[in-house]
Amino acid sequence: MAQPNRNARQWKFLDIFTAMFFSLVLLFFLLVFTPFGDPLAYSGRQALFLSTSDPKQRHRFVSLVELGEHRQPIDPCPPDSVDHMPCEDPKRNSQLSRYMNFYRERHCTLPDEMPLCLIPPPLDYKIPIQWPESLHKVWHSNMPHNKIATRKGHQGWMKEEGPYFIFPGGGTMFPDGALPYIDKLRRFMPIKGGIIRTALDMGCGVASFGGSLLAEGILTLSFAPRDSHKAQIQFALERGIPAFVLMFGTRRLPFPAFAFDFIHCSRCLIPFAAYNATYFIEVDRLLRPGGFLVISGPPVQWPKKEREWEELQAVARALCYELIIVEGNTVIWKKPDRDPCLNPNEFRIGLCDESDDPNVAWYVNLKRCVTPSFINGGYAIGKIPGWPERLLRAPSRALIMNNGIDLFQADTRRWATRVAYYKNTLKVKLGTPAIRNVMDMNAFFGGFAAALETDPVWVMNVVPARKPLTLDIIYDRGLIGVYHDWCEPFSTYPRTYDLIHVASIDSLTKLPGSRNSSCSLVDLMAEIDRMLRPEGTAVIQDSPEVIKKVARIAHVLRWVTTINNKEPESHGRGKILVATKTFWHL
């Protein structure tokens, strides 16, 4: 009789153990040394990314970064976040009310609920084409969104051509190009000569109208919401044209009263006479006395829009606007250059109460009242200096501030000196083709932007909403900008600015009149990183203590930094950090 093999069970167990051991070794080598491990590694990073949404863990992480105790780079956001705008999230906002397009306005989550990560560029991202060539073409791979080219190519918006998107300069109401359309307008408006300087283009598409007006010396801020076209403002900024993501909904637009010499709507589809003419009244708040309003497209002499067209004319008559011309589907009105008159009207429009500050426009609901100018038409076109004289002359609205004229002149001199120091000593590439889109995050009177006037740049002057509201003075100078609270993300796409400048960065996180912070410096600098293009420049000025903290945060943002003394003419202890955002991919 054959003897049973007493070791059979033992050998079977050893075989299984050995097989499992070598399988694990093989799996280790596959994950570490081949691309098969990338998804698993990414899921681990994603777990860390998601964990920062836990408020307590997030606070600990932010504190470690600020103290310099966390020195590893902040993790990338997921690949599908390349175009992420935290306050314009279609998925989240789609749950909100449709009334007056409330759901398409800014809606930000609390800072503690925002994941802390770095927005990656698209896979085949290239350094943008430089100005002025960028006005006519951009890299397709930087924004591989073909919807506009497919739907609007026949109207001259844009088209795909090899590795580029090409911009012929057209629009829905001017498919043959903006230049013939502008030539039509100049028959009825002073396009040349510096009388008109600041313009607002509502529902701008890819901003070819604003881009074409630059050659006329008119600085146009173009806006449109994040809508079904998805990337129209992103294309505008990639082209080097001033633009901003914004929805005309339930709130005042984030600009001061009497800011724009010229307001334009080309098929913007804003229902100006609806809601008791609320939208037209807001346009009136923004338009300088004596300024021009141009509306092209519906409802102007448009089939089946006769009632809306009659209502629009009735609103204009109620506000005493002078009808310059109706030609085809285009109407041009001129606002009275005196304090507003009101004709009897069906819209129940009245004058605003004196307690209403027309310059307050950050998260302020629209109002159905007309704003008086108060200074006897001193803001009117023809009474303010023309361009470029208005750039350096203290405007009448500076008189409202204590020592306003002296402050204005001192600020202008200080920034002329400091910008020369940036260029000549710190070797910041201002004045070169490398820099086109510039932001000043704490603009005050716009002195920094004024010092750059001869450079091939445009500057988005941001006046913090919790600081003195000096944005009206910036517009009186012939510059542009917006109100914003820097404890929230800005309404722009990622990678849209070549240079971001900020003086007194720490003050942007503080409550007014307090040393207490209402948000984190880490979050603010991560937002700067989101807005800044790869190889873009950040210039930050503050006290030595704050700059030391900024340098620690810059390290985890993957920036390359230098810390410099202020210009010799400046008094005080301040330091200047100059940083370059590195070009990295997932």
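What you see is a predicted model; the values in this text were computed from it and never measured.
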Residues [X] and [Y]: side-chain donor-acceptor under 3.5 angstrom:
X: His107; Y: Asp89; result: no
X: Ser296; Y: Tyr181; result: yes
X: Asp284; Y: Tyr321; result: yes
X: Arg436; Y: Ser134; result: no

Minimum side-chain heavy-atom gap [X]-[Y] below 4.5 Å:
X: Val482; Y: Leu253; value: no
X: Leu221; Y: Met460; value: yes
X: Ile553; Y: Val550; value: no
X: Lys429; Y: Thr537; value: no
X: Phe209; Y: Leu185; value: yes
X: Ser491; Y: Arg106; value: yes
X: His585; Y: Pro120; value: no
X: Asn142; Y: Arg495; value: no

Practice task
Would you sort out whether Asp476 and Arg288 count as a salt bridge (Lys or Arg N to Asp or Glu O under 4.0 Å), showing the intermediate values?
Solution key: CA-CA 10 Å; Asp476 286 348; Arg288 189 177 297 279; 3.1 Å; yes
Handout entry: Lys159 atom NZ, over 12 foreign heavy atoms within 6.0 Å
Key = no
Measure across [X] and [Y] and return the closest heavy-atom pair with its distance rounded to 0.1 Å.
X: Pro256; Y: Leu286; value: O-CD2, 3.5 Å
X: Phe448; Y: Tyr422; value: CE1-CE1, 3.9 Å
X: Ala579; Y: Thr561; value: CB-CG2, 3.7 Å
X: Arg390; Y: Gly478; value: NE-N, 3.5 Å
X: Leu237; Y: Ala243; value: CD2-O, 3.6 Å
X: Val300; Y: Ile295; value: CG2-O, 3.8 Å

Side-chain ([X]) to main-chain ([Y]) donor-acceptor, under 3.5 angstrom:
X: Glu105; Y: Thr250; value: yes
X: Asn101; Y: Gly249; value: no
X: Gln301; Y: Gly328; value: yes
X: Asp201; Y: Ala207; value: no
X: Ser520; Y: Val522; value: yes
X: Trp139; Y: Tyr125; value: no
X: Trp333; Y: Ala316; value: no
X: Ser81; Y: Ile119; value: no
X: Arg98; Y: Ser94; value: yes
X: Asp498; Y: Asn437; value: yes

Completion exercise
d(Leu430 CG, Leu452 CG) to nearest 0.5 Å is 5.5 Å
Exercise for the section: Please round to the nearest 0.5 Å and tell me the distance separating atom CG of Asn329 and atom NZ of Lys305. Expected result: 12.5 Å
Exercise for the section: Evaluate the criterion side-chain contact (heavy atoms from CB on, under 4.5 Å) for residue pair Val283 and Met202; output intermediate values, then yes/no. Expected result: CA-CA 10 Å; Val283 168; Met202 305 182 292; 4.2 Å; yes
Exercise for the section: Starting from the C-alpha separation in whole Å, work towards a yes-or-no answer on side-chain contact (heavy atoms from CB on, under 4.5 Å) for Asn442 and Trp486. Expected result: CA-CA 10 Å; Asn442 192 10; Trp486 283 113; over 6 Å; no
Exercise for the section: Kindly state whether the ring of Tyr99 and the ring of Tyr275 have centres lying under 6.0 angstrom apart. Expected result: yes
Problem - Pair Phe292 + Phe188: ring centers closer than 6.0 Å - result: no
Handout entry: Identified ring pair (Phe, Tyr, Trp, His ring centres under 6.0 Å) partner of Phe244 from the options Phe490, Trp458, Phe223
Key = Phe490
Sidechain N-carboxylate O distance under 4.0 Å for [X], [Y]:
X: Arg251; Y: Glu282; answer: no
X: Asp485; Y: Arg466; answer: yes
X: Arg226; Y: Asp83; answer: no
X: Arg197; Y: Asp261; answer: no
X: Glu453; Y: Arg477; answer: no
X: Asp523; Y: Arg530; answer: no

Handout entry: side-chain contact (heavy atoms from CB on, under 4.5 Å) between Glu488 and Trp362, intermediate numbers included
Key = CA-CA 12 Å; Glu488 295 184 4; Trp362 182 248; 3.8 Å; yes
Practice task
Please assess Asp529 against Trp559 for the test side-chain hydrogen bond (donor to acceptor under 3.5 Å, both in side chains), listing each intermediate value before the final yes or no.
Solution key: CA-CA 9 Å; Asp529 183 85; Trp559 295 0; 2.9 Å; yes
Exercise for the section: Only counting residues at least two apart or in another chain, list the ones meeting side-chain hydrogen bond (donor to acceptor under 3.5 Å, both in side chains) with Glu308. Expected result: none
Exercise for the section: Please determine which of Lys126, Arg558, Glu535 meets the side-chain contact (heavy atoms from CB on, under 4.5 Å) test together with Phe583. Expected result: Glu535
Handout entry: Stepwise side-chain contact (heavy atoms from CB on, under 4.5 Å) test for Ile381 and Ile195
Key = CA-CA 7 Å; Ile381 288 179; Ile195 296 173; 3.4 Å; yes
List the atom pairs, with distances to 0.1 Å, where a side-chain N or O of residues 161-175 and a protein N or O form a donor-acceptor pair under 3.5 Å, not counting sequence neighbours.
unit_1, atom_1, unit_2, atom_2, d
Thr172, OG1, Gln155, OE1, 2.9
Thr172, OG1, Trp157, NE1, 3.3

